[in-house]
Structures are given as C-alpha cells and as structure tokens.
Amino acid sequence: MSAPVRVRYAPSPTGDPHVGNIRAALFDWLLARRTGGAFIVRIEDTDRAREIPGAKERILEALTWLGLDWDEGPGKGGPFAPYVQSERQALGVYAEPAERLLASGAAYLCYCPTERLDAMRKAQQARGEPSRYDRACRDPAQREAMRALNDAPVVRFKTPTEGRLGVRDALRGEVEFDLSLLDDFVILKADGFPTYHLGHIVDDHLMEISHVLRGEEWLPSLPRHHLLYEALGFEMPVMAHLPIVLGPDRSKLSKRHGATSVLDYRDQGYLPEAMVNFLALLGWSVDGSTELISRADLIERFGLDRVLSSSAVFDVQKLDWMNGVYMRSMTHDELAERLLPLLEVGLPEDAPRPIDPAYLAAVVPLEQERLKRLSDAPDLLSFFFVEQPRYNPMRIIRKGMARDGAREAIDRSLRAAEALDEWDAPSLERTYRALADELGLTSGQLFGALRVAVTGREAAPPLFDTMAVLGKQRVVARLRAAGGFLGAMPVAC
RNA sequence: GCCCCCAUCGUCUAGAGGCCUAGGACGCCACCCUUUCAAGGUGGAGAUCAGGGGUUCGAAUCCCCUUGGGGGCGCCA
C-alpha cells in the first residue's frame with residue numbers, strides 16, 4: 001500500500017507566474033486530483049533581496065484564474081502551516097536540521113567573505129574550470145583565519161570528494177553524476193535563511209510530500225538533494241524533472257519572446273479553460289489524436305507515465321486556435337457575460353454606458369465565431385455600439401463603381417430602408433437584392449458598399465443580420481451620413 | 001570549459017522490434033460553401049524518423065559513437 005499522493009507547487013515570489021512554472025503547477029494539480037491526493041502551495045521566499053512585492057498574490061491569482069485550487073497553503077491553512085518559508089524560518093524550522101548536520105559533522109561553518117568567493121569564481125572561470133568552492137573552511141585553521149575577516153558564517157554541506165551517484169528521476173530513469181564535481185554548497189545563509197536546497201528538502205519532508213514535480217533546470221542539483229536527504233535521514237520523494245518550455249528560437253521561454261506570464265495571457269483575452277488544455281498538452285499527451293480535452297477528462301486521464309522528457313516550444317498559434325475553439329463552444333449567454341465587463345471599459349468613449357445586456361445578447365451570436373480572444377471584442381464590436389463609426393468614405397465605392405453610382409446606390413438604399421416596415425434579415429435581403437438588380441450592380445457590389453456605410457468595415461458579420469440587430473433607426477442614420485460623406489468628397493476621385 | 005538532459009513534418013505530438021510506403025493536430029496552400037470576414041467541409045504539400053555504426057530474419061523503436069539543441073555550474077530559486 002502506498003502513501004497518499006501529496007504534491008506541492010513551491011513558487012518563489014520573485015516575479016510573475018511564468019508559463020513553464022504554471023505548467024508544473026498544473027501537472028501537480030492534475031496528479032493530486034487524479035489520485036485523490038492533496039495539492040499544496042508553499043511560498044519559497046527565502047531570498048529577501050529578490051522578493052517582489054505583490055508577486056505572491058499574482059502567483060496565487062494565476063492559480064485561481066486557471067482553477068487550480070489548493071488544499072493546503074496560503075489563505076487556506078492546513079496541518080503543516082505556515083506555508084510561507086519566511087514564516088517557517090522564524091519558527092526555527094530550518095535551523096534545527098542545520099544544527100543537526102553541524103553536530104554530526106556533515107556540515108560546517110564557513111566564514112569566507114563574499115569578495116573572496118567572487119574572486120575565486122572569476123579566476124576559475126578565467127582558467128576554464130568549473131567554478132566551485134575550494135572547501136577552505138573545512139580546515140579549522142583556515143576557518144579561523146576567515147573568521148577574522150567576516151563574522152557572519154554560512155553553513156555548508158560536506159559533499160563527497162569522489163565517487164559516482166545514480167539518482168532516479170521518474171521520467172528519465174537513473175541519472176548518474178560524478179560526485180567529485182560537486183562542491184560544498186551553502187544550506188544556511190548568513191542571515192539565517194535556508195537556501196533552496198535545504199528549504200525545500202526540509203519542508204517537503206515535514207509536509208509529507210510524495211512527488212516532486214519541478215523544472216528540468218533542477219536536474220543538476222539532484223545529487224545534492226539526494227545527499228542531503230540521506231544525511232538528514234529523510235526519505236526522498238519521487239522526483240520528476242519536467243522538460244523546459246521553450247520559446248520559438250528553442251531557448252528557454254523568456255521575456256524577450258513576448259508574454260511569459262500566464263496573467264499576460266489572461267489580460268490578452270485567453271480563456272482559462274483553453275490555457276489549461278493547451279498547457280496540459282505541452283509535454284504530455286493522452287494519445288496520438290486527442291487535442292481538445294475537458295478538465296474532467298484531463299483529471300481522469302493524467303499520469304506521469306505519459307509525460308515527455310524532451311522540451312517543447314510554446315506555440316502561440318496553436319494556443320490561438322484552441323482558444324478560438326473554446327470561444328465558439330461557449331453559449332451565447334456565457335460569452336455575453338464574459339464580454340460585458342471588457343466592453344464597459346474597452347469600447348470607445350462615445351458608446352453609451354451602461355451597455356444594454358439585451359442588445360449585447362443580440363450582437364454576440366453574430367460575432368462569436370469571429371472572436372479569437374475575449375480582448376478582440378471591443379474593437380470588433382464597437383460599430384454596434386457607437387453612434388456613428390468612423391471610416392474613409394472612399395471605401396464605400398466598391399470595385400467597378402463610380403462615385404456617382406455609389407452615391408446613388410446609397411441614396412436609394414436609404415430610401416428603401418426608410419420605406420421598409422418589416423425590419424428583419426429576410427426582408428432586408430429581399431429588398432436589397434432587388435435594388436441591386438435595379439441599379440445594375442452585382443449583389444456583392446451593393447452589399448459591400450452598404451457594409452462599409454453601415455458598419456464602417458469591409459469585414460463584418462452577415463450584412464442583413466447585422467442591419468436587423470442594429471435597428472432601423474441606426475441604419476437609416478448611418479446611410480444618411482454615408483450619403484453626406486460621398487456628397488462632400490472632392491471630385492478628384 | 002566541465003557536467004547533465006534531449007533528438008519523429010516549421011511547431012505540438014502518436015509510435016514502447018514486424019500493424020509505418022510513419023498517424024493526428026496547429027500553421028501553410030488549393031478547392032467547396034458564400035454578400036465580405038470568419039466558421040465549416042474536402043483535398044494537398046510537408047519527416048529518407050539528426051548522421052554513422054552495430055544487435056536482429058526484421059529497427060523510428062535496443063546499444064555505441066558523432067553531430068545538433070537545451071539546461072546547469074551563486075550566501076537565486
């Protein structure tokens with residue numbers, strides 16, 4: 001019988017929630033939900049200098065947006081509270097194991113000044129050697145000498161100077177490391193805070209974590225962690241190093257590739273369900289053909305066994321497609337509801353507020369399949385809401401039409417609109433098809449001219465449905481305005 | 001430089017020795033539908049499975065080498 005699955009997402013509040021990072025959180029969450037285990041969030045804020053105010057909140061915001069609810073963690077509490085390392089540090093959580101290692105001789109105090117370490121690294125790099133600590137303070141005499149220069153020691157862990165160590169990674173199998181290449185790394189900083197190495201091992205143990213899913217950038221420190229687990233007498237959880245998420249140039253996805261924060265994607269109008277679907281398929285698959293998968297099915301089908309160990313490029317084009325699919329699969333009401341707040345702030349000033357929900361409900365069906373992202377809406381829908389869309393009147397004159405012809409077409413269209421009693425799409429279509437014939441224009445020409453006059457755009461939803469929704473009054477006013485524009489245009493064209 | 005990881009269409013992937021003259025999806029192209037734009041439908045181009053050696057009756061699948069890409073080498077995580 002195996003212990004219950006307990007997984008944790010342990011972000012450091014030093015910036016916005018990166019997609020690669022959040023993908024790890026998603027896998028954690030899926031594994032927990034799949035197995036009926038627990039998903040824990042722990043904040044690793046042991047670097048006070050790099051901490052960014054508000055970052056923690058934004059990370060939690062991202063999880064919430066994606067619907068990755070946590071069972072234990074900030075704002076939630078739990079049997080192993082607190083879940084913030086700075087608070088745990090204050091409680092002495094890390095000092096105790098550090099003392100123990102010191103007492104057993106597995107660790108030692110190091111007084112080397114930062115300047116010395118920096119100089120040493122520089123020299124090593126200049127010589128083309130890997131930079132690592134020279135273990136000066138392992139020697140009591142040297143330690144005393146260093147102490148005279150610096151009275152705030154760190155605690156370093158003694159690593160073996162030779163041998164090889166195989167450590168198991170859940171995705172790759174056994175990975176072998178040369179221990180002689182390891183240096184004595186710091187586990188407790190001069191300020192009393194643990195480094196990542198000590199902090200996460202102690203907390204994962206205390207919090208009874210069963211599986212650690214983290215980025216592949218941690219793979220090189222796996223032997224260190226193995227050694228620490230051993231020295232502390234803790235059992236090592238299952239370790240899985242997830243492949244790196246790459247940018248289009250195949251280097252680690254970063255700011256210069258564009259948006260890296262999932263909150264950026266939220267702000268750009270992507271749907272959380274699309275984001276979850278997309279992220280789940282980055283480095284994991286159900287089979288060879290499933291692309292669209294619901295959250296429920298994701299939970300049902302997820303497993304570490306189908307997680308890849310090769311890195312994947314974050315393909316925004318595919319995300320766009322997928323988001324469009326989710327946009328189209330929403331009910332009109334759902335979409336209208338999500339669009340309303342965006343339109344309130346995003347529509348041009350002259351669109352009347354508050355937005356009439358009934359009118360929006362009529363507009364949404366016409367635009368839904370044309371929206372790729374929520375944020376496309378203010379721009380795409382604005383002509384439905386403003387009094388008079390702005391456009392270049394030249395565009396009313398369609399291919400093969402003269403200015404006078406266009407003018408006449410618009411005038412006649414205006415009169416036809418004014419005379420029309422049945423203001424619905426079929427009646428409008430009948431009327432204007434007949435008018436096109438009468439004017440000797442193709443329907444494409446007339447409809448194109450009308451589309452520009454009525455919407456200000458050359459690409460818009462079906463013309464007559466649009467006119468029907470806009471209403472007779474608006475359409476008449478816009479046609480009248482269009483006639484005026486054409487009349488006022490310089491003759492040159 | 002050293003260590004580690006990875007390697008199937010441009011991209012995400014299926015493939016766990018014969019079912020592969022390598023399947024799906026995004027993107028791309030063409031056609032159809034059509035009042036525009038979308039959406040949808042149909043079809044197409046696109047991978048000698050990075051290269052070379054083995055193992056085997058048989059290799060995209062196993063082993064080795066090379067090459068390429070990525071990651072790591074902090075009192076950062």
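Residue numbers start from 1 in every chain, and the chains themselves are labelled A, B, ... in the order their sequence lines are given, proteins ahead of strands. Note that the structure is a prediction, hence the values are computed from the model and not measured.
Of the P atoms belonging to B/A50 and B/U11, the separation is 13 Å, rounded to the nearest Å. With C1' as the reference atom, B/A47 and B/U13 are 13 Å apart, rounded to whole Å. For B/G53 and B/A59, the C1' atoms lie 14 Å apart once the distance is rounded to whole Å. Across B/U66 and B/A60, the matching P atoms stand 23 Å from one another, rounded to whole Å. B/A25 and B/C64 have their C1' atoms separated by 35 Å, given to the nearest Å. Across the C1' atoms, B/C62 and B/C49 are found 15 Å apart, a figure rounded to whole Å. Taking the C1' atoms as reference points, B/C65 lies 23 Å from B/G71, given to the whole Å. A gap of 13 Å separates the P atoms of B/C9 and B/A14, to the nearest Å.
Phosphate contact (OP1/OP2 of B/A14, side-chain N/O of A/S285, threshold under 4.0 Å): present. Between A/K252 and B/G69, a side-chain N or O to OP1/OP2 separation shorter than 4.0 Å is absent. The shortest distance between the side-chain N/O atoms of A/R328 and the OP1/OP2 oxygens of B/G40 is below 4.0 Å.
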Enumerate the protein-to-nucleotides 3-6 of chain B contacts in which both atoms are nitrogen or oxygen and the separation is below 3.5 Å.
| from | atom 1 | to | atom 2 | distance (Å) |
| --- | --- | --- | --- | --- |
| B/C5 | O2' | A/R172 | NH1 | 2.9 |
| B/C5 | O2' | A/E216 | OE2 | 3.0 |

Polar atoms only, N or O, under 3.5 Å: list the protein pairs with nucleotides 73-77 of chain B and their distances.
| from | atom 1 | to | atom 2 | distance (Å) |
| --- | --- | --- | --- | --- |
| B/C73 | O2' | A/S131 | O | 2.9 |
| B/G74 | OP2 | A/S131 | O | 3.2 |
| B/G74 | OP2 | A/S131 | OG | 2.4 |
| B/C75 | OP1 | A/R121 | NH2 | 3.4 |
| B/C75 | O2 | A/A190 | N | 2.8 |
| B/C75 | N4 | A/C112 | O | 3.4 |
| B/C76 | OP2 | A/K189 | NZ | 2.7 |
| B/C76 | O2' | A/D47 | OD2 | 3.0 |
| B/C76 | O2' | A/R50 | NE | 3.4 |
| B/C76 | O2' | A/R50 | NH2 | 3.1 |
| B/C76 | O2 | A/R50 | NH1 | 3.4 |
| B/C76 | O2 | A/R50 | NH2 | 3.0 |
| B/A77 | OP1 | A/T46 | OG1 | 3.0 |
| B/A77 | OP1 | A/K189 | NZ | 2.5 |
| B/A77 | OP2 | A/Y196 | N | 3.2 |
| B/A77 | O3' | A/E44 | OE1 | 3.4 |

Under 3.5 Å between N/O atoms: give me all the protein pairs with nucleotides 60-67 of chain B, atom names plus distance.
none

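Contact annotation for A/Q317: backbone-only contact, meaning every heavy-atom pair under 4.0 Å involves sugar-phosphate atoms and none involves a base. Within the nucleic acid shown, A/L371 has no heavy atom closer than 4.0 Å to any nucleic acid atom. Residue A/K372 is classed as having no contact, given no heavy-atom separation below 4.0 Å to the nucleic acid. Contact annotation for A/G215: no contact, since no heavy-atom pair falls under 4.0 Å across all strands. Looking at heavy-atom distances under 4.0 Å, A/R306 makes contact with sugar-phosphate atoms alone, never a base. Among the heavy atoms of the strands, none lies under 4.0 Å from A/F278.
Listed for the A/H205 side chain is no donor-acceptor partner under 3.5 Å among the backbone atoms of A/I201. Using modelled atom types, no side-chain atom of A/E408 and backbone atom of A/G405 make a donor-acceptor pair closer than 3.5 Å. For A/R23 (side chain) and A/L282 (main-chain N/O), a donor-acceptor pair under 3.5 Å exists by modelled atom type.
Going from atom NZ of A/K399 over to atom P of B/U36 covers 15 Å, rounded to whole Å.
Taking the side chain of A/P462 as heavy atoms from C-beta on, and the options B/C12, B/U36, B/G27, the nearest nucleotide is B/U36. Side-chain proximity of A/D315 to B/C26, B/U35, B/G70: nearest is B/C26.
Summarising the base pairing, B/C9 is matched to no nucleotide, lacking a Watson-Crick or G-U wobble pair whose two defining distances lie under 3.5 Å. Pairing for B/U36 is absent, judged as Watson-Crick or G-U wobble with the two contacts each under 3.5 Å.
Under a cutoff of 6.0 Å and an axis angle of 45°, A/R138 and A/Y108 do not form a cation-pi pair.
The six-membered or imidazole ring of A/Y270 lies away from that of A/F278, with a centre-to-centre distance of 6.0 Å or more.
Residues satisfying the side chain to side chain contact (heavy atoms under 4.5 Å, CB included) criterion with A/S221, sequence neighbours excluded, are A/H197, A/W218, A/R224, A/H225. With sequence neighbours left out, the salt bridge (Lys or Arg N to Asp or Glu O under 4.0 Å) criterion links A/R478 to no other residue.
For residues 430-462 of chain A, the set of pairs meeting the ring pair (Phe, Tyr, Trp, His ring centres under 6.0 Å) definition, not counting sequence neighbours, comprises A/F447-A/F464.
Inter-residue side-chain proximity for A/F27 and A/W284 is flagged as met; some heavy-atom pair is nearer than 4.5 Å.
A salt bridge links A/E273 with A/R338: at least one charged nitrogen is closer than 4.0 Å to a carboxylate oxygen. Between A/R433 and A/E438 no salt bridge is recorded (no basic side-chain N to carboxylate O distance below 4.0 Å).
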